[in-house]
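Quantities reported herein were computed from a predicted structural model and do not represent experimental measurements. Chain letters run A, B, ... following the sequence lines, proteins first, then strands; residues in each count from 1.
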Amino acid sequence: MFSEAAVREIQEIRAKYPTARAALLPAIYVAQREFGWLTPEAYEAVSDLLGVPKAIARGVGTFYAMYKQKPMGRHVVQLCTNVSCMILGAERLVDFLKSRFGLEPGGTTPDGRFSLVIMECIGACGTAPAMLVNDDFYENLTEKSIEDILGKYD
Amino acid sequence: MITVTINGKEIRLEKPVTVLEAARSAGIKIPTLCYHEQLEKYGGCRLCLVEVEKMPRLQTACTLMAADGMVVRTETEAIADVRRGVLEFLLINHPLDCPYCDKAGECELQDLVEKYGPTTGRFKEKKRKVPESLEDPVLVRNMERCVVCTRCVRMCEGVQGAAAIGVINRGGHSHIEPFSGGRFDCEYCGNCVSACPVGAIMSRLHRHSYRPWQLVSETVTICPYCGVGCTLVAQVRDDVIKRVVPRIGTPVNNGLLCSRGRFGYEFVGSKERLITPLIKKNGVLEQSTWEEAIGFVARRLGEIKSKFGSDAIAGIASPRCTNEDNYVFQKFMRVVLGTNNIDSTARTGYAGAQAFLENIFGQGATANLIPGLVNADAVLIAGGDPTAVNPILGLQIRSCARKGGNILTIGHVKGVRHYSPTELKPGIHAETALLEGIVTALRERKGLPGSIQALESKIKEIHRPADDTARTCGVTEKALASFVEALSTASTPAVVIGKEVIQSAGGSYNLLLLSAISYLVNARIHLLSERANEQGVVDMGCAPDLLPGSRPLSYVEFRRRYEAAWKVPLPEKPGMTIFDMIDAAKAGSLRALYVMGENPVFNLPNAKGVEAALRGLELLVVQDIFMTETARMADVVFPALSWAEREGTFTNMERRLQILRKAVNREGMEDWRIVAEISGNMGVKMHFSSAEDIFAEITRVSPLHRDLSYEEIAKSGIYPYKGEPLRGVTGDIKIEKTTAGDGGGLFLGVERPLFHSGTLSRRAPGLVKIYETAVARISPATAAARSLKEGDVVRVSSAVGSLELPVAIDLSVRDAVVMITNNFEGRGALSLMELVLEPILRAPIADKTAVTIEKVGR
Ligand code: SF4
Ligand code: SF4
Ligand code: SF4
Ligand code: FES
């Protein structure tokens, strides 16, 4: 179930769009925040609130990579391994995350602290390699700086 | 006038259409995959690409509107190249398992590749893997074959209105899934199966047991289930119906079916079908011969008639049998046995309600076109869920809503909940007060039209102000006002009446109120009908007070007419209704009962009481296709041919006559033939050699069917009386009001599920697998008040019986009601219902059966 605040938020979102369907994307974000990831209940809650059939809501949700279709760790690391980052050593960073934190691409650490998502370019080619931790942006990464950065998240 | 040139051919168009439609109208074929004539345009597959002069790129013919002067080419080398490319892409992920796929032979992808396709592919990667899903009872999903044309999704959402499925994931991984990802848990209409161009969603029934080209015989016939009367095509291999499909362009259902029509046909080939006549010897039904059984029944009926008189015998006809069966049966009762004791289960609501409405508005008041509902601007639904009782009619209501029509419901109607209905949900037994409030408000707003005096004088007596209505019914004044507003501003409203308002205490008064609403806003009335030939059985005179053509027996002129035609004097005294028959059997004054295609021990209230009453008979004859509860008690049982094995006509709820045709062969006799044989054996020969012969006699004697023929009906189905009211209004309107609602306690409700229909659907394994077992459906509040959980076993008891059933908690059930279906053997809702008749409609009162529930286990 949504919190009252989330219900209000979705209603406000709905009011900004001409059709209920158009409001799906931002509403699914709210659901993801409320439920942690897009559980069936999350989709149902969105569907009920917006009056969009739940099969359609799920169809939209599964189209986009930014939505979480499975449970995620407390912090989501999104590391880019596209050309610039790769050239500047992103793949070494992937190996490092594996050996240092037990974090596999697409996986979650056993303690539920981190999840790792490999990204295709986050628009930071000039300062590669780069990553996002939740909504925070980090660039010019090295093994050392990654270790320090992740230490701040528990 | 628009003129386009396609492949050098000039085409003149009356109205704007797409290039594809223009080409088709001129017989030019353009390949398509995502296009489907019943669906919204999509333009996704790119197979219909064509060259248009002065347009830089190839265009999709299915979305491009034809414009004056356009010059189009549909088959050039460049186009062929592109089509080949598109198909090569589609085949990247296609498993190419045609040798194993049931669709092969009628697969649009296969045909296209055969015509345009690449013979080899260049793609070397692995194909996607999606396991075949056999989670559903009637559907198989094989998403490796899906070409993501979204026809199924558009069908399910835009036409069926269930929106159960959607496209999941993206790009090469996208395919179709229901919300759960597993079972569809949908309405199982199978219309997505019709829509799918490939073998991605298919019927599970008779899977892998035929190839499309082996379905050599096809029979266009009428659905055996409900009163909508959908046309369906039964496709047969080796005398077995392998599948049932709809056809675009047929009246009423136009290319669509519901779960019952599409997946309910398997009863025909059931191993449980009765094969030989049976006669009870020493208390046991034993196999017998036709000769012996017919001779026995003829002799016993003769004896009983001479010993106790004609009125000691009665007959129950069937809303599942054809008009011809029912005509012959009532003729036999009247002419040979000399009694008007003939009736059917149409008496449990439909017949009485129709008579009541026709008495006010004239004959044909309820004979309104089902597809016309689409064009209504407001639809009032009272007394049931049309999307479950008469699903295809329900779809028209959904279409109406989609086009902007207002859906107004009395009570919660689950099947339209996604269509923003304006709901008024009165408390238990408060419907009447609510309807009074609506009538009062409408009269104040609209005034009286001044055309039907008898009705107006009743309307003038109705007075319930809005505040009082709101208080009594537990609705808000605001909701009531917007409901009335929507109704009173509608210019083409319709009123849909279901059995729940009819089978209620004060049913006649409820109908008067609904009549008043219809009258005040000038609405068309649709009366929901649960059986395929419920209208026909009444029209054939299978009623104690009506002759064929629905003509009152009491009118001397009509009686004379039939006497002249049948060359015998007819009994003047109206006969017994089906309920009178049970009472008379109990009292001992009824000695013999002849039941054709009906199961009164299950389909009438108070099963135990009916059973006890029938036990006292000297002779019980049952004609059926299965060993029913009633057949088990019979002295003689005749096996009848089923719906698929014979010809005849059905009359649907619009009063449209339609022809049933034989799909498969089976040895045996039609119901009418058995009756005619018995008649012959009693010395009265009926000279009928076919159903058509009988129909010819019907058209000679029944004014409702005058001058019709099978040939004429076959054209598109026909209205017997060509829409002209034949019988006027008789004046006085009799009603019976009820006392106010009862507080507290639980009441029985009869659930009418989408997936079942009486006891027939029990023998259709596909339907049984969807809805497997009887349950006691209660609301979350009822469950919470009694600490009951889903799956707990409860004993539901009434004054006349009790049932042990698992609990199902259902949001759509009202708080004071326990809903039970009347479909499953030994667990029918009617077995709990006391038989109390509404005095005017003479239909049983269903909503006053008090029940208790107690937990007995898990
Ligand atoms: S069977 Fe009918 S309701 Fe179910 S998914 Fe297919 S179209 Fe939709
Ligand atoms: S399942 Fe069939 S109809 Fe639906 S998208 Fe796939 S190919 Fe098209
Ligand atoms: S709506 Fe009625 S007549 Fe049509 S397919 Fe369904 S059960 Fe048969
Ligand atoms: S049929 Fe035109 S794009 Fe598919």
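Here the shortest heavy-atom pairing between A/Ala55 and B/Ala163 reads CB-O, 3.8 Å.
When heavy atoms are compared at a cutoff of 4.5 Å, A/Ala57 does not approach chain B at all. Interface remark: B/Ile168 contributes backbone and side-chain atoms alike to the contact with chain A (heavy atom separation under 4.5 Å).
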Would you list the atom pairs in which one atom of chain A and one of chain B form a donor-acceptor pair under 3.5 Å?
{"residue": "A/Arg21", "atom": "NH1", "partner": "B/Glu157", "partner atom": "OE2", "Å": "3.4"}
{"residue": "A/Arg21", "atom": "NH2", "partner": "B/Glu157", "partner atom": "OE2", "Å": "2.2"}
{"residue": "A/Arg58", "atom": "NH1", "partner": "B/Glu177", "partner atom": "OE1", "Å": "3.0"}
{"residue": "A/Arg58", "atom": "NH1", "partner": "B/Pro178", "partner atom": "O", "Å": "3.3"}
{"residue": "A/Arg58", "atom": "NH1", "partner": "B/Phe179", "partner atom": "O", "Å": "3.4"}
{"residue": "A/Arg58", "atom": "NH2", "partner": "B/Glu177", "partner atom": "OE1", "Å": "2.8"}
{"residue": "A/Thr62", "atom": "OG1", "partner": "B/Asn169", "partner atom": "N", "Å": "2.8"}
{"residue": "A/Phe63", "atom": "O", "partner": "B/Arg170", "partner atom": "NE", "Å": "2.9"}

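Atom OH of A/Tyr153 has more than 12 neighbouring heavy atoms from other residues, nucleotides or ligands inside a 6.0 Å radius.
The residue among A/Gly59, A/Gly51, A/Gly61 with the most heavy atom pairs within less than 4.5 Å of chain B is A/Gly59.
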